[in-house]
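Being a predicted model, the structure only gives us computed values, none of them experimental.
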Amino acid sequence: MPSYSRTVQIPGKSSQELYDKISTEIERFMEKASIGKFEIERDAGRKQVQVKASMLSATLICNEGSLQFDAKLSLLATPFKSKIDEGITKWLSKTFNISA
């Protein structure tokens, strides 16, 4: 499976603040992404959120002042990599009021 990785700086936000926001907003983002049925696993101790769907498997890692996205894309999702990236950028901009 092709991979997708991205780290976005979010200055002034602790890993806990990022995790709290991501863990509550991720379902709405995934529903808007229209990728079908998905499963979300939250790990408060590691400050990670995992998303599993037929088109992708992703981990969002909340660090001090940054978010790290690591994903594996299905072959069907690979052509939409730029759309995925664009969607994440819009979501981060709206959610954290930043220009990612």
Side-chain angles (χ1 to χ4, degrees):
M1 291 179 96
S3 62
Y4 169 87
S5 291
R6 179 175 176 187
T7 299
V8 178
Q9 300 301 315
I10 305 178
K13 297 289 184 185
S14 71
S15 59
Q16 187 64 52
E17 289 174 301
L18 293 172
Y19 175 79
D20 290 344
K21 189 69 168 177
I22 295 296
S23 66
T24 58
E25 297 285 329
I26 192 69
E27 286 183 65
R28 187 175 324 150
F29 173 75
M30 293 302 294
E31 287 169 358
K32 286 183 179 182
S34 302
I35 63 165
K37 190 175 178 178
F38 58 89
E39 190 177 306
I40 297 174
E41 294 178 20
R42 294 166 178 87
D43 185 339
R46 291 179 153 172
K47 297 186 180 48
Q48 295 181 359
V49 176
Q50 291 187 315
V51 177
K52 295 177 185 171
S54 61
M55 295 184 74
L56 67 95
S57 174
T59 303
L60 290 81
I61 304 164
C62 303
N63 298 307
E64 294 297 315
S66 70
L67 282 174
Q68 180 181 331
F69 298 86
D70 293 319
K72 299 285 185 193
L73 304 175
S74 74
L75 293 176
L76 295 174
T78 302
F80 301 102
K81 192 174 181 178
S82 64
K83 290 276 188 196
I84 294 168
D85 202 44
E86 184 179 304
I88 291 170
T89 298
K90 285 181 182 178
W91 178 61
L92 290 171
S93 176
K94 186 176 180 181
T95 303
F96 295 105
N97 197 29
I98 60 165
S99 57

*S93 side chain vs T89 backbone, donor-acceptor pair below 3.5 Å*: no
*Side-chain donor-acceptor pair present, E64, S15, cut-off under 3.5 Å*: yes
*Single-linkage hydrophobic cluster W91~I40, side-chain heavy atoms < 4.5 angstrom*: yes
_Quick one: does any side-chain atom of S23 pair with a main-chain N or O of D20 as donor and acceptor, under 3.5 Å?_
yes
_Could you measure the distance from the NZ atom of K21 to the OG1 atom of T95? Nearest 0.5 Å is fine._
6.5 Å
_Return the NZ to CD distance between K83 and E86, rounded to the nearest 0.5 Å._
5.5 Å
*Check: V51 and F29 side chains under 4.5 Å, non-hydrogen atoms*: no
*What's the spacing between K72 NZ and Y4 OH if we round to 0.5 Å?*
14.0 Å
_Quick check on side chain to side chain contact (heavy atoms under 4.5 Å, CB included): which of T59, I22, L18 does V49 satisfy it with?_
I22
*Less than 4.5 Å apart, any side-chain heavy atom of M55 and any of F38?*
no
_Within this structure, what is the CG-CD distance for the pair N63 and Q9, rounded to the nearest 0.5 Å?_
9.0 Å
*How far apart are the closest heavy atoms of F96 and K13, and which atoms are they?*
CD2-CE, 4.5 Å
*Kindly compute the distance separating CZ (R42) from CG (L60), expressed to the nearest 0.5 Å.*
11.0 Å
*Are I61 and L67 connected, step by step, through hydrophobic side chains (Ile, Leu, Val, Met, Phe, Trp, Tyr) whose heavy atoms are closer than 4.5 Å?*
no
*asked:* With heavy-atom distances below 4.5 Å as the criterion, would you say the side chains of E17 and I10 are in contact?
replied: no
*asked:* Please report the interatomic distance OG(S57) to CD(Q50), rounded to the nearest 0.5 Å.
replied: 7.0 Å
